[in-house]
*Asks:* 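Could you have a look at this structure, given as structure tokens, before my questions?
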Amino acid sequence: MPEQSNDYRVVVFGAGGVGKSSLVLRFVKGTFRESYIPTIEDTYRQVISCNKNICTLQITDTTGSHQFPAMQRLSMSKGHAFILVYSCTSRQSLEELRPIWQVIKETKGAAELPSIPIMLVGNKCDENETREVSAEEGDAEARRWGCHFMETSAKTNHNVKELFQELLNLEKNRNISLQPEKKSMRGRKIREKCALM
Amino acid sequence: MENPAQDREYTINCKRKVVQFVYRWVVTIRHPVFDDVISMSFLEELASDVEADCQLLGGKSQALQEEASLMHHIMSRLRRYQDERSETSGLKWKLPPGGQPICLFSAISNPSKNNRPIIRPNDDIIFRVYCADHTFCTLRLPVNATAETIKVGAYEKCSLRHPVQDLRIVEVKSNGERVPFRDSEHSIPTTVALNSCIFLTPKDHMDALTCVPEQEKSEGAEISSDFDSLSTKELAYHMTLFDWELFWNVHEYELIYLTFGRHRFQQITSNLDIFLRRFNEIQYWVITEICMSQNISKRTNILKKMIKLATYCKEYYNFNAFFAILMGLSDVAVSRLSTTWDKLPSKSRKQFTEYETLIDPSRNHRAYRITVGKLPSPMIPFMPLLIKDMKFTHDGNKTHVDGLVNFEKMHMLAQTMRTLRYCRARHLVLEPPVSKNETDVKSYVSCLRCVNNERTLMSMSQKLEPRRT
């Protein structure tokens, strides 16, 4: 089992139906299936490079835990980076992120906050006919919060990999990249081991 | 079929299979089968048919004898259930003003049964509805009353000048957050959060609603005894018995109702609601107890006692309380009290660090899943995780694919529901600890004082140990 300290934890928040599971699955599995069955355990892990070492990118999907503030807070206090997802087709889903943003701010503290990679994400940007939130509005909201912004579509695979890459680029405390060091044989071995687990 | 004997054999076999299936179904589902008029009359008809068949076949063979006794068994369970129901019908529940846990208003006539009764849709619940100026009226309505019914009831008692169709029922949480209800939503008093209040307000005045003073109150709560003075083991014991009763009353179906939406089934999830609320209650109680101790050595003592309480809960397999306590201790308002933590004996600290790895959410709570996976029943599981699994599976998968039911999804949901069944496969029997003041402890654990406004807790914490700069 990899060491705790070796994990880089990304926590994904968002109301039900904004497609956060799809977004994560698209990134991890590279697929989008309307009827995909996500298994509960061990799905969201990716091997990445961190300070030239292999480490595990762990993605925590908070779906279904909104009733329990403690679970969300625990994820927050353990998280290194955050993705806040709303759906471009629902203004309500953007509104619902506001209290979550507040809690992140409180949990992490004002001093630490600027150094934490946080991305506001408008998903389902392909569904233009039913759009309720424009890209400009999303961007403005992100600016008010002091975080970064992107629009994605898990369905068409627009900006998904870019989202995670951008998020990791924002991490200034370590040097993180989605690509594990290719030349290192050791890296490849670990990678195989992970796949077996 | 040419052979009449073979033919008969085949018919009997089929009948046998049907009865066996029905028996399993009833034993698995229990109450909802007995509550449903159609399934009940089906059972009665089937029982009398099997009886008739038995007599027809006569003493010549033992055919269907076993099936007849199965049906007998079902019918006697049904009668027993009906007796129990008529005995406990029309219970009254009360939601105290602070929105604290629900309690039973009038005890059952038969005191020999001190098991906590299940909340039923037609039971009455007594609760307050506030107006913007914090005046209130008290209503008594069935648990499954809709927001519309509450609205009309409160409207008649409060004197608001707005026409009733412009009004809304709104939940105001202790942190000031406002959650409006749709008119069709039901069982509202049991679904609101800890320390929430129910308000009646004109639609366009919703943003002006503020908490009533009771919701914010952090001091002066009347408590019969001090946490400090009660035995930790006794607390854990009675806490576990209390939690077990709440857990025991949750039906597996309530998970489905909650996940897919109560309105789709016209069913209540009140028993599940109050068990889930218990988790938050314990968690915030832990934070409150610590943040309310002004004296540092007393605070260290309480911290130590809480860790010990977690140890006992874990020994009793009360993982719901264990997680609640640990998450309370991990809350920023508590974890930032470094002077208090520094004074903690190293043994307690070591224990806490060990427990922290068990509540680590990494890889979707892998550590916890592995640990409980090896344990025998009975146990009280970390319920929020089961709810998360249900919702996660539901959100991530369509119920229908190309017009067909998505069985894979249903299997996954069933798997989570089966966990519940496994946890309760055996009755909880615990060795009672040496009791010093059982009554005090019992009443203490049944209603824990708690502040659940994070901002209030944080400022209490900052007063205790100001931030070092």
Side-chain angles (χ1 to χ4, degrees), chain A residues 1-4 6-9 11 14-25 33-45 56 58-79 96 98-99 102-103 105-111 197, chain B residues 175 177 191 193-194 258-259 273 276-277 279-280 282-284 287 323-324 326-328 330-333 335-336 357 359-366 369-370 382-398 400-402 406 408-409 411-412 415-416 452 454-455 458 467:
Chain A
M1 219 171 124
E3 279 290 301
Q4 278 307 319
N6 231 358
D7 284 2
Y8 189 77
R9 283 185 286 267
V11 188
V18 299
K20 51 185 181 302
S21 299
S22 304
L23 200 62
V24 174
L25 284 167
R33 279 163 60 193
E34 299 265 356
S35 61
Y36 188 79
I37 309 256
T39 50
I40 281 162
E41 250 180 292
D42 261 4
T43 319
Y44 306 138
R45 298 165 69 229
T56 312
Q58 243 197 64
I59 303 166
T60 306
D61 190 329
T62 56
T63 301
S65 61
H66 77 276
Q67 216 178 338
F68 309 97
M71 271 179 101
Q72 294 206 334
R73 278 171 177 266
L74 188 68
S75 307
M76 284 176 191
S77 65
K78 302 269 175 192
E96 283 175 36
R98 218 163 278 153
Q102 276 299 331
V103 182
K105 221 161 81 179
E106 282 163 28
T107 314
K108 291 294 183 187
M197 274 167 65
Chain B
N175 62 3
E177 201 190 321
T191 50
L194 195 66
L258 185 75
T259 309
D273 294 337
L276 294 178
R277 180 152 43 174
F279 180 86
N280 290 337
I282 296 175
Q283 185 221 342
Y284 283 110
I287 311 172
F323 265 75
L326 261 287
M327 285 188 173
S330 316
D331 191 275
V332 207
S335 63
R336 63 172 290 286
T357 59
I359 69 157
D360 182 7
S362 294
R363 298 165 73 185
N364 208 350
H365 289 278
R366 190 165 194 264
R369 288 179 204 267
I370 288 174
F382 169 39
M383 203 61 183
L385 188 60
L386 286 186
I387 301 296
K388 184 175 186 276
D389 287 352
M390 289 292 286
K391 293 211 169 154
F392 184 87
T393 311
H394 177 56
D395 283 358
N397 300 284
K398 290 197 166 166
H400 298 276
V401 180
D402 303 329
N406 183 353
E408 266 182 280
K409 169 175 178 172
H411 278 305
M412 281 174 22
Q415 198 53 44
T416 305
N452 69 333
E454 296 278 355
R455 224 162 287 160
M458 199 59 185
R467 191 177 310 167

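Keep in mind that the numbers below use all heavy atoms, side chains included, and drop hydrogens, waters and symmetry copies.
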*Asks:* Of all of B/His394, B/Met458, B/Lys388, B/Lys391, which one pairs up most often with chain A through heavy atoms under 4.5 Å apart?
*Replies:* B/Lys388
*Asks:* Are side-chain heavy atoms of A/Met71 and B/Phe323 found at a separation under 4.5 Å?
*Replies:* no
*Asks:* Which answer fits B/Ile287, side chain, backbone, both or neither, if we ask what part of it has an atom under 4.5 Å from a heavy atom of chain A?
*Replies:* neither
*Asks:* Is it the side chain or the backbone of A/Gln67 that comes within 4.5 Å of chain B heavy atoms, both, or neither?
*Replies:* both
*Asks:* Could you have a look at A/Gly19, A/Pro99, A/Pro69 and say which one has the most heavy-atom pairs with chain B under 4.5 angstrom?
*Replies:* A/Pro69
*Asks:* Between B/Ile387, B/Asn452, B/Thr259, which shows the greatest number of heavy-atom pairs under 4.5 Å with chain A?
*Replies:* B/Ile387
*Asks:* Using a strict cut-off of less than 4.0 Å between a Lys/Arg side-chain nitrogen and an Asp/Glu carboxylate oxygen, indicate whether B/Glu177 and A/Arg98 qualify as a salt bridge.
*Replies:* no
*Asks:* Find out whether B/Arg277 and B/Asp273 are in side-chain contact, i.e. whether some heavy atom of one side chain is under 4.5 Å from a heavy atom of the other.
*Replies:* no
*Asks:* Is a side-chain N or O of A/Asp7 found less than 3.5 angstrom from the main chain of A/Arg9, in a donor-acceptor match?
*Replies:* no
*Asks:* Please check: side-chain N/O of B/Lys409 versus main-chain N/O of B/His400, any donor-acceptor pairing under 3.5 Å?
*Replies:* no
